[in-house]
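Labels below follow one simple rule: chain letters A, B, ... track the order of the sequence lines, proteins then strands, and each chain is numbered from 1.
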Amino acid sequence: MDIFEKRSLIRAAITRRGHGPPSLNHGTNAPSPLAPDQLLFHNALMLDMRLVRENAAGVQERLATRGAGDEGKIDELLKWDEKRRTLLAQAETLKSQRNRVSKEIGALMAQKKAPEAEAKKAETRQIGDQITQLDKDVAEIEKSRDAILLTIPNLPHESVAIGRSAEDNPVMRHWGEKAQFDFEPKNHIDICERLKLIDFARGAKLSGSGFLLYTNWGARLERALIQYLLDLHTTSHGFTEVSPPYIIGRHCMVGVGQFPKFVDQAYAVQEGMDAGTMGQLYLLPTAEAPVANIHREEILREDQLPIYYCAYSPCFRAEAGAAGVGTRGMIRVHQFDKVELIKIVMPEDGYVELEKMVANAETVLQQLGLHYHVIMLCTGDMGFASAKTYDIEVWAPGQKQYLEVSSCSNCEDFQARRMNLRYKTATGENRFPHILNGSGTALARLFVALIETHQQPDGSIKIPAALQTYLRAEVIKVDSE
RNA sequence: GGAGAGAUGGCUGAGUGGUUUAAGGCGCACGCCUGGAAAGCGUGAUUACCCAAAAGGUAACGGGGGUUCGAAUCCCCCUCUCUCCGCCA
């Protein structure tokens with residue numbers, strides 16, 4: 001069987017978007033899964049349109065710091081916005097007229113004055129035609145406007161370092177030191193094969209390259225880590241554990257800003273297996289997607305905030321275009337486990353909460369005795385939805401490189417707008433909360449750093465004390481059964 | 001998977017084409033009354049958009065479309081919930 005046959009079988013049930021047959025439900029003219037009008041389910045905006053109107057120059061300036069050229073979209077956005085408001089005002093005036101005349105008709109009918117009523121009907125009918133046209137125009141304009149808005153990333157916070165790429169990310173701090181060995185440390189692939197923690201060959205046999213088969217103590221270590229992480233964040237850091245669906249609707253992906261930009265990175269469930277108005281279903285790329293959306297389209301009470309959620313889930317990523325870059329081993333895989341942290345907080349608390357979240361993720365590495373540093377992503381390297389992001393990179397001695405195991409972001413109200421999540425203040429005002437997400441932490445790379453850091457001269461792995469009660473072992477040895 | 005019944009405001013619940021400007025009840029807030037309460041009486045209370053603001057206007061009765069001068073109400077599609085049957089870990 002060649003590689004293409006293998007891949008087509010893998011994707012028989014799970015296909016990337018756009019490559020499957022049209023669904024029966026949709027007929028042969030199935031709409032593009034990403035038509036703008038399919039992406040929005042309400043009128044909330046990604047960037048605050050009022051802010052864009054009132055301070056276009058400021059918005060453009062912030063966007064420009066990302067170096068992606070999005071600031072060029074603002075002028076067109078404003079053009080659509082102005083046109084929309086003009087037409088909307090016209091339509092509403094006409095509707096007001098029609099409502100008034102309709103009432104008069106009702107009154108005439110009640111008085112059995114049919115001829116007069118008929119005359120007014122003709123008048124109203126004509127107004128109605130104009131309204132229909134205006135409504136159509138406005139809808140078109142909103143479609144154009146939203147198509148642009150959906151592709152504009154969040155504005156970076158003022159405190160974020162200006163830069164173009166990962167090389168410009170400032171290191172904020174580090175903890176511990178690079179582990180020293182009086183022997184040549186092995187990399188995780190060798191360790192896994194020797195200790196039979198992962199069966200790379202059979203994982204690939206099952207699902208293709210980039211899929212892992214954890215075996216025996218490897219599987220147990222993975223499970224122990226999940227359990228340890230959830231326990232830590234729930235009991236010590238005050239998070240409420242949730243366990244979300246792993247298959248989620250398109251609207252959730254749009255809500256957190258994964259779509260439309262990263263649609264190629266998601267595994268789509270077979271076309272036709274969609275959820276009606278929720279649209280096409282996808283395997284989650286991160287638990288952030290379902291968990292941040294838990295309260296979408298709700299109005300929370302201020303006293304419900306802050307909300308802290310943590311969730312374990314596997315994460316599925318197509319990693320299209322990433323082939324060949326560190327693909328061997330566990331560093332970049334199509335499916336990995338992660339414990340995710342999500343916070344929904346009042347805007348004034350957003351940045352304090354971000355620092356706390358990073359500290360919560362750092363605790364993991366400290367307790368496991370792993371050297372790491374925290375970097376701030378510069379404007380040019382930040383994710384689409386984020387206003388400010390810290391990455392935690394753990395040292396992997398076998399790789400001789402730092403691996404990203406956590407990315408903690410404050411998305412401010414960017415996601416809340418997309419999903420129309422608000423909270424009501426004590427004074428009765430509705431506001432968008434800040435939504436934060438952070439890995440607490442990603443498992444596959446944590447696994448790598450753990451076994452590479454704690455490997456012993458005899459090839460065994462010493463288990464850190466914090467993990468021993470979960471794994472029920474102090475060491476993993478070659479002859480461990 | 002099959003059959004049926006539903007979805008109305010904070011909750012409950014009326015409303016089968018025109019003072020619905022969504023009744024009534026419960027709960028809520030404020031006021032009157034009271035020594036204080038209860039009861040009673042009165043007032044208020046959704047969301048979004050347009051408008052610099054105010055005034056005003058428009059829209060929303062699960063979601064979308066249609067009929068009509070006019071739709072919570074009639075028609076079509078979808079989603080969700082409940083009941084029964086079937087299947088299933």
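When heavy atoms are screened at a 4.0 angstrom cut-off, A:Lys120 is found touching no nucleic acid atom at all.
Between the side chain of A:Arg317 and the backbone N or O of A:His334, no donor-acceptor pair lies under 3.5 Å.
Residue pairs meeting the side chain to side chain donor-acceptor pair (under 3.5 Å) criterion with at least one partner in residues 285-295 of chain A, sequence neighbours excluded, are A:Thr286-A:Lys338, A:Glu288-A:Gln415, A:Glu288-A:Asn437, A:Asn293-A:Arg296, A:His295-A:Glu298, A:His295-A:Tyr309.
At a cut-off of 3.5 Å, with distance as the only test, a side-chain donor of A:Asp231 or A:Tyr470 sits close to an acceptor on the other residue.
When the C1' atom is compared between B:rG56 and B:rU21, the two are found 16 Å apart, to the nearest whole Å. Across B:rG9 and B:rG44, the matching C1' atoms stand 15 Å from one another, rounded to whole Å. Taking atom C1' in both B:rA55 and B:rU16, one finds a spacing of 38 Å when rounded to whole Å. Using C1' as the reference atom, B:rU12 and B:rC87 are 37 Å apart when rounded to the nearest Å. One C1' atom belongs to B:rA71, the other to B:rA3, and the distance between them is 30 Å to the nearest Å. Straight-line distance between the P atoms of B:rG24 and B:rC76: roughly 33 Å, to the nearest whole Å. B:rG27 and B:rG13: their P atoms are spaced 16 Å apart (whole Å). Atom name C1', nucleotides B:rC78 and B:rA89: the rounded distance is 30 Å, in whole Å.
The CZ-C1' distance, from A:Arg145 to B:rC50, rounds to 13 Å in whole Å. Distance A:Ile131 CD1 to B:rG57 P: 16 Å, rounded to the nearest Å. At whole-Å resolution of the value, CG in A:Asp48 and P in B:rA48 are 13 Å apart. Rounded to a whole Å, the CD atom of A:Glu116 is 18 Å from the P atom of B:rC69. Remark: P of B:rA52 and CZ of A:Arg53 are 9 Å apart, rounded to the nearest angstrom. We find that CG of A:Leu300 is positioned 19 Å from P of B:rU46, with the value rounded to whole Å. Rounded to whole Å, atom P of B:rC49 lies 16 Å from atom NZ of A:Lys95. Following rounding to the nearest Å, A:Arg50 (CZ) and B:rA53 (C1') show an atom-to-atom distance of 12 Å.
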Can I get a per-line list of side-chain donor-acceptor pairs under 3.5 Å for residues 379-390 of chain A, giving both atom names and the distance, sequence neighbours left out?
| unit_1 | atom_1 | unit_2 | atom_2 | d |
| --- | --- | --- | --- | --- |
| A:Thr379 | OG1 | A:Thr65 | O | 2.6 |
| A:Thr379 | OG1 | A:Gly163 | N | 3.0 |
| A:Thr379 | OG1 | A:Gly163 | O | 3.2 |
| A:Asp381 | OD2 | A:Asn169 | ND2 | 2.9 |
| A:Ser386 | OG | A:Lys388 | N | 3.1 |
| A:Ser386 | OG | A:Lys388 | O | 3.1 |
| A:Ser386 | OG | A:Thr389 | OG1 | 2.6 |
| A:Lys388 | NZ | A:Ser159 | OG | 2.8 |
| A:Lys388 | NZ | A:Tyr390 | OH | 3.3 |
| A:Thr389 | OG1 | A:Ser409 | OG | 2.8 |
| A:Tyr390 | OH | A:Glu355 | OE2 | 2.7 |

Exercise answer: donor-acceptor pairs, residues 342-349 of chain A side-chain atoms, under 3.5 Å, sequence neighbours excluded:
| unit_1 | atom_1 | unit_2 | atom_2 | d |
| --- | --- | --- | --- | --- |
| A:Lys343 | NZ | A:Glu353 | O | 3.1 |
| A:Lys343 | NZ | A:Glu353 | OE1 | 2.7 |
| A:Glu348 | OE1 | A:Arg431 | NH2 | 3.4 |

Inset, instruction - Under the salt bridge (charged side-chain N to carboxylate O under 4.0 Å, His left out) rule, what do A:Asp48 and A:Arg50 come out as? Steps first, then yes or no, please. - result: CA-CA 5 Å; A:Asp48 185 349; A:Arg50 186 158 299 175; 5.6 Å; no
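The phosphate of B:rC49 has neither OP1 nor OP2 within less than 4.0 Å of any side-chain N or O from A:Arg84. Distances shorter than 4.0 Å separate some side-chain N or O of A:Arg98 from OP1 or OP2 on B:rG70. When the side-chain nitrogen and oxygen atoms of A:Thr93 are compared with OP1 and OP2 of B:rG57, none of them lie within a distance under 4.0 Å. At least one side-chain nitrogen or oxygen of A:Asn430 sits closer than 4.0 Å to the OP1 or OP2 atom of B:rA48. The shortest distance between the side-chain N/O atoms of A:Arg125 and the OP1/OP2 oxygens of B:rC69 is below 4.0 Å.
The environment of CD in A:Glu193 is crowded: more than 12 heavy-atom neighbours from other residues, nucleotides or ligands sit within 6.0 Å. Counting non-hydrogen atoms of neighbouring residues, nucleotides and ligands closer than 6.0 angstrom, the CD atom of A:Glu116 exceeds 12 such neighbours. Atom CZ of A:Arg202 is surrounded by 12 or fewer heavy atoms from other residues, nucleotides or ligands within 6.0 Å.
RNA chain B is contacted by both A:Ala122 and A:Asp81; A:Asp81 maps to the nucleotide lying nearer its 5′ end (nearest heavy atom per residue).
A heavy atom closer than 4.0 Å to some atom of RNA chain B occurs in A:Asn99, A:Ser102, A:Ile105, A:Gly106, these being the qualifying members of residues 99-108 of chain A.
Every stem involving RNA chain B, taken as at least 3 paired positions in a row under the Watson-Crick or G-U wobble test at 3.5 Å, is listed here: B:1-7 with B:79-85, B:10-12 with B:24-26, B:28-32 with B:40-44, B:46-50 with B:56-60, B:62-66 with B:74-78.
Proximity note for A:Ile299 (side chain, C-beta onward) versus B:rG18, B:rU47, B:rU58: the nearest is B:rU47. Of the listed nucleotides (B:rC50, B:rC69, B:rA48), B:rC50 has the atom at the smallest distance from the side chain of A:Glu92.
Remark: A:Tyr308 pairs with A:Phe239 by the ring pair (Phe, Tyr, Trp, His ring centres under 6.0 Å) rule, at least two apart or across chains.
Between A:Phe316 and A:Tyr246, the gap from one ring centroid to the other reaches at least 6.0 Å.
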